[in-house]
Amino acid sequence: MTLPNTPAILVTGGAGFIGSHTVVSLIEAGFRPVIVDDFSNSSPNVIQRLEQITGKAIAYYTLDCLDLQGLKTVFAQETISGVIHFAAHKAVGESVQQPLKYYRNNLDSLLNVLSLMQEYQVQDLVFSSSATVYGQPDNLPVDEQAPLKPAESPYGFTKQVGEQILRDACKVSALRSVLLRYFNPIGAHPSGLIGELPLGPPNNLVPYIIQTAAGLRERLTVFGNDYATPDGTCIRDYIHVVDLAQAHVQALKHLQKQTEASYCEAFNIGTGKGNSVLEVIQTFIQETNQGLPYTIGPRRAGDVTAVYASVQKAEKQLDWHAERSLAQALVDAWRWQCSLK
Ligand code: UD1
């Protein structure tokens with residue numbers, strides 16, 4: 001049970017795909033999330049859906065994190081004990097076309113959050129980073145010690161710079177931070193009430209699969225089958241969004257236990273297992289009995305051949321591991337897609 005005067009966890013981007021699932025996990029773990037979202041890439045309906053899933057009223061502010069004064073009112077009105085910062089643009093291709101939009105939004109919003117955390121003496125921050133910081137790693141599974149490769153896109157660079165900003169800030173202040181490097185988040189809440197809502201044609205594999213199976217797209221294109229992998233298609237580590245959400249709760253608990261100010265650590269959040277594009281397609285067809293027209297097309301620029309996580313650090317230090325299978329994630333994603341009809 002959450003007491004009304006429980007300090008709040010500020011969740012920026014809390015109506016988005018990963019943010020909304022994290023709000024559910026936070027409430028289930030007894031935290032009181034307060035959402036800040038500008039609904040630029042999410043629907044305000046998500047708030048009601050979250051209330052339906054959790055049976056709790058959810059505080060939210062319609063606000064862009066670039067609005068420093070607006071954000072300050074949230075810090076002034078709520079007693080905030082920690083922040084999970086999701087709010088960011090995330091379309092890799094768009095970031096190549098509009099780099100300044102990405103640098104301004106993703107970096108200024110982080111700086112705004114950090115300056116208010118300092119002003120209001122809030123210590124704990126969980127930051128959304130990405131496996132994209134590794135590029136194509138030299139060794140697989142990739143662990144957190146692996147060198148970061150030059151970013152393939154402005155989006156990827158904002159994640160690398162965001163991590164560095166936090167490392168630098170933690171060194172000289174009371175700030176404590178966990179950087180979660182997400183692998184490929186997929187799936188949806190099993191209730192079918194929340195999930196991923198891409199605007200326009202999806203860029204990512206699973207949203208494209210479910211929209212194609214639903215008849216909204218003519219066919220899926222597999223981007224290349226001439227990679228140096230067993231079936232020639234790229235390999236990724238697909239993690240169920242509910243498992244990923246729970247990693248945020250564990251990260252927050254971990255931060256709250258730290259005695260050391262200046263704590264700043266990165267953790268891989270994946271399953272530890274790689275699956276090829278064709279394996280994902282076959283699993284989807286098997287589990288849902290849906291037809292899925294697809295063709296093999298050329299490679300997509302910027303795709304790496306294979307990446308999957310070493311998850312030992314998160315298992316040991318965050319006491320977390322992924323529990324849900326690829327099959328479960330695809331069934332949940334499909335249920336979500338069907339609920340949109
Ligand atoms: C991308 C981003 C990553 C981000 C993630 C969100 C890069 C380098 N990485 O990962 O930072 O966190 O999205 O989930 O851009 N594929 C097809 N056909 C499609 C779509 C995808 O074959 O229509 C293939 C891709 O070639 C890739 C795999 O499916 O091999 C996964 O692609 P995608 O879902 O876009 O994720 P990533 O590119 O791995």
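- A 6.0 Å sphere centred on OH of Y227 holds more than 12 heavy atoms belonging to other residues, nucleotides or ligands.
- Using a 4.0 Å cut-off between charged nitrogen and carboxylate oxygen, R181 and E163 count as a salt-bridge pair.
- Between E78 and R32, at least one side-chain N (NZ, or NE/NH1/NH2) sits under 4.0 Å from a carboxylate O, which counts as a salt bridge.
- Residues in residues 140-154 take part in these side-chain hydrogen bond (donor to acceptor under 3.5 Å, both in side chains) pairs, two or more places apart or across chains: D138-K149.
- Remark: E260 CD is packed, more than 12 non-hydrogen atoms of other residues, nucleotides or ligands lying under 6.0 Å away.
- The distance from atom CG of L255 to atom CG of L125, rounded to the nearest 0.5 Å, is 8.0 Å.
- Using a 4.0 Å cut-off between charged nitrogen and carboxylate oxygen, D226 and R299 count as a salt-bridge pair.
- Rounding to the nearest 0.5 Å places CG of N112 at 4.5 Å from CG of L68.
- Within the structure, every pair that satisfies the side-chain hydrogen bond (donor to acceptor under 3.5 Å, both in side chains) test and touches residues 185-202, not counting sequence neighbours, is listed here: H189-S191.
- A donor-acceptor pair shorter than 3.5 Å can be found between the side chains of D231 and S276.
- Once rounded to the nearest 0.5 Å, the distance linking OH of Y182 with NZ of K159 reads 7.0 Å.
- The distance from atom CD1 of I281 to atom CG of L205, rounded to the nearest 0.5 Å, is 6.5 Å.
- For residues 7-31, every residue pair satisfying the side-chain hydrogen bond (donor to acceptor under 3.5 Å, both in side chains) rule, not counting sequence neighbours, is listed here: T12-H85.
- Between P99 and Y103 there is a side-chain heavy-atom pair separated by less than 4.5 Å.
- By the 6.0 Å contact criterion, CD on Q317 is enclosed, its count of non-hydrogen atoms from other residues, nucleotides or ligands being greater than 12.
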